[in-house]
Undergrad: 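There's a structure below that I have some questions on.
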Amino acid sequence: MISEEGTMRSTEPINWRKSSRSPNNNNCVEVARLGNEAGVRDSKDPDGGHLAVPVPSWHRFIGAVKGGTFDR
């Protein structure tokens with residue numbers, strides 16, 4: 001399938017997931033693997049679109065979070 005942007009899109013269902021540490025009130029973000037990108041969306045608005053980030057950038061971001069880079 002080709003998207004409106006002219007890029008190839010999979011017809012496979014997207015497996016959105018959220019952290020097991022997230023509360024059950026849908027007040028978090030969800031992440032899915034979208035080919036060579038990581039999709040990030042707001043769980044409160046799943047039809048509102050998503051942010052697509054290259055997988056290597058996503059891995060660096062997660063490593064920085066885990067490493068405390070953003071801790072105050």
Side-chain angles (χ1 to χ4, degrees):
M1 171 195 284
I2 299 179
S3 71
E4 292 177 15
E5 301 86 27
T7 57
M8 292 298 293
R9 296 287 179 174
S10 172
T11 57
E12 304 264 335
I14 298 173
N15 182 25
W16 292 99
R17 53 193 171 84
K18 62 182 179 178
S19 171
S20 60
R21 295 180 182 230
S22 296
N24 289 330
N25 63 4
N26 283 342
N27 200 12
C28 61
V29 296
E30 296 174 316
V31 180
R33 181 73 183 251
L34 307 172
N36 59 357
E37 297 176 325
V40 183
R41 71 178 183 182
D42 184 347
S43 63
K44 294 183 304 292
D45 187 15
D47 296 323
H50 66 272
L51 174 68
V53 180
V55 170
S57 297
W58 180 252
H59 287 172
R60 283 192 300 277
F61 172 72
I62 294 301
V65 170
K66 289 179 177 180
T69 300
F70 305 107
D71 292 351
R72 292 182 185 217

Undergrad: If I take atom CG from residue Asn15 and atom CG from residue Leu34, how far apart are they, to the nearest 0.5 angstrom?
TA: 10.5 Å
Undergrad: Looking at every heavy atom in both Trp16 and Gly39, which two are closest together, and how far apart are they?
TA: CZ3-O, 3.3 Å
Undergrad: Going only through I, L, V, M, F, W and Y residues with side-chain contacts under 4.5 Å, is there a path from Val40 to Val55?
TA: no
Undergrad: Shortest non-hydrogen contact from Pro46 to Lys44?
TA: CD-C, 3.5 Å
Undergrad: Backbone N or O of Cys28 within a donor-acceptor pair of the Ser43 side chain at under 3.5 Å?
TA: yes
Undergrad: Output yes when a side-chain donor or acceptor of Arg33 lies under 3.5 Å from a complementary backbone atom of Gly35, and no otherwise.
TA: yes
Undergrad: Rounded to the nearest 0.5 Å, what separates atom CG in Asp47 from atom CZ in Arg41?
TA: 7.5 Å
Undergrad: I need the Ile14 CD1 to His50 NE2 distance, nearest 0.5 Å.
TA: 6.5 Å
